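Right, one structure below, let's go through it.
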There are 2 protein chains.
Amino acid sequence: MTDINKQHPGDDEIRQAIELLFFAYRDFVADPDKVLADYESPNGSLGRAHHRVIHFVGRNPGMTVAELLSILQITKQSLARVLRQLIDEGFIEQERGPEDARQRLLYLTAKGEAFETALSNPQRARFRRLFEKAGPEASRSFLALLFELINEDERDRVLSLIGRKPHAAS
Amino acid sequence: MTDINKQHPGDDEIRQAIELLFFAYRDFVADPDKVLADYESPNGSLGRAHHRVIHFVGRNPGMTVAELLSILQITKQSLARVLRQLIDEGFIEQERGPEDARQRLLYLTAKGEAFETALSNPQRARFRRLFEKAGPEASRSFLALLFELINEDERDRVLSLIGRKPHAAS
DNA sequence: TAAACTAAGTCAACATGACTGACATAAATA
DNA sequence: TATTTATGTCAGTCATGTTGACTTAGTTTA
């Protein structure tokens, strides 16, 4: 396909992988950044931090604040400002935990869902093009390797978050 | 909510890809972050920005400031602070351009090389383990797909960056 | 050669999103 | 009842990005 995959995996591939991951991630997050920059909110603008919160709350409706913190791996003080903005502007709503009333279960509002869609559309389109071009086998292999790139002690938690095992036999 | 109905074939993989890329990148950059946090410098601490500069100067010895800016896609004012620190602490040295004396060609010092190695060691180890486990075919496929993830109009430039051995004037 | 352009550096002000530490409140639990 | 837990908040700091204006030195061009 390109001349980056001519050689066998070695030090050169490893170096290329490090750089390709940097560039791929840079372009991957630049897409929603544009959407965020276009949105003008009354209480200040929205950034990547808001996107991440909207994404994970959308994927895990009813999740607690503590769960969100452990996914994002940031402090609660960092999350607080972002979450407050999203609640104040009606993207996210909180509900008292039915079993444990200390908990605040997080949900996207309809407005939040719509914004999530707008944010993830370009990212979905990017992967859709990629997977169509690469074919199912290479695509599944890609997911499996991305998964193996994650810290070993985090993989179980990630698995339960994203759903079915990415390297499952088909 | 995770493994109920797929809307279209591939949508589930696309969503997983988005989340896996987030987690993989998060853990991937956390490795050098620890090394950076351990280093105590006199003129303030070092962060990811310093790592990126050290990485690309190490990969492209003799590159100009303008070239570095176009790779990092940040403003020169942002780069200035980071670069000044790295020069003041002896990680990077500048040389007058032999053809164009306005240019400042950037090189890692021995100290800079050593630090680059320390920073990239955990990342290299992560990919080495990955590629050994996945095998050559899946590894090459992984690199090719990472490459395809990059913006189309950036690929030529990235290719010339990651593919070339020494830095050559274009 | 003088004027214009270019590469790099600098000063100032500001925004975002992280951080630490301390403390408050309400609810669950030992 | 006493303690622990889940969440929220106040205050300050740091790292890293931004814009805009300006300087200096060296190259190019009219």
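The model shown is predicted, which means the values in this text are computed figures rather than measured ones. In the text below, chain A, chain B and the rest are named by the order of the sequence lines, each starting its count at 1.
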Using a cut-off of 6.0 Å, state whether more than 12 heavy atoms not belonging to [X] lie near its atom [atom1].
{"X": "B:Lys111", "atom1": "NZ", "answer": "yes"}
{"X": "A:Glu152", "atom1": "CD", "answer": "no"}
{"X": "B:Asp156", "atom1": "CG", "answer": "no"}

How about [X] and [Y]: do any of their side-chain heavy atoms sit closer than 4.5 Å?
{"X": "B:Arg104", "Y": "B:Arg96", "value": "yes"}
{"X": "B:Phe22", "Y": "A:His55", "value": "no"}
{"X": "B:Val82", "Y": "B:Leu46", "value": "no"}

Each nucleotide in nucleotides 1-15 of chain C should get exactly one letter: B, S or -. Can you fill that in based on protein heavy atoms under 4.0 Å? -----BSBBBB----
Using a cut-off of less than 4.0 Å, is there contact between a side-chain N or O of [X] and OP1 or OP2 of [N]?
{"X": "B:Ser78", "N": "D:dT16", "result": "no"}
{"X": "B:His50", "N": "D:dT16", "result": "yes"}
{"X": "B:Thr75", "N": "D:dT18", "result": "yes"}

Report the distance from atom [atom1] of [X] to atom [atom2] of [N], rounded to the nearest whole Å.
{"X": "A:His51", "N": "C:dA18", "atom1": "NE2", "atom2": "P", "result": "13 Å"}
{"X": "A:Leu46", "N": "C:dG17", "atom1": "CG", "atom2": "C1'", "result": "13 Å"}
{"X": "A:Leu68", "N": "C:dA18", "atom1": "CG", "atom2": "P", "result": "11 Å"}
{"X": "A:Leu69", "N": "D:dG8", "atom1": "CG", "atom2": "P", "result": "9 Å"}
{"X": "B:Arg52", "N": "D:dA15", "atom1": "CZ", "atom2": "P", "result": "14 Å"}
{"X": "A:Gln85", "N": "C:dG17", "atom1": "CD", "atom2": "C1'", "result": "11 Å"}
{"X": "B:Leu36", "N": "D:dA15", "atom1": "CG", "atom2": "C1'", "result": "12 Å"}

For DNA chain C, whose closest nucleotide is more 5', that of A:Ala101 or that of A:Ile74?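 Result: A:Ile74.
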Between B:Arg128 and B:Glu132, is a salt bridge (charged side-chain N to carboxylate O under 4.0 Å, His left out) present by the stated rule, with each step listed? CA-CA 6 Å; B:Arg128 192 172 300 117; B:Glu132 273 166 13; 5.3 Å; no
Only pairs at least two apart or in different chains count here, so list each salt bridge (Lys or Arg N to Asp or Glu O under 4.0 Å) that has a residue in residues 22-34 of chain B. A:Glu154-B:Arg26, B:Asp31-B:Arg126, B:Asp33-B:Arg48
Out of D:dG17, C:dG17, C:dA27, which nucleotide sits closest to the side chain of A:Arg96?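 It is C:dA27.
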Give the stems involving DNA chain D, where a stem is 3 or more consecutive Watson-Crick or G-U wobble pairs (i with j, i+1 with j-1, and so on) under 3.5 Å.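 Consecutive-pair runs (3 or more) involving DNA chain D: C:1-30 with D:1-30.
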Distance-minimising heavy-atom pair for B:Ser45 and B:His50: O-CE1, 3.9 Å
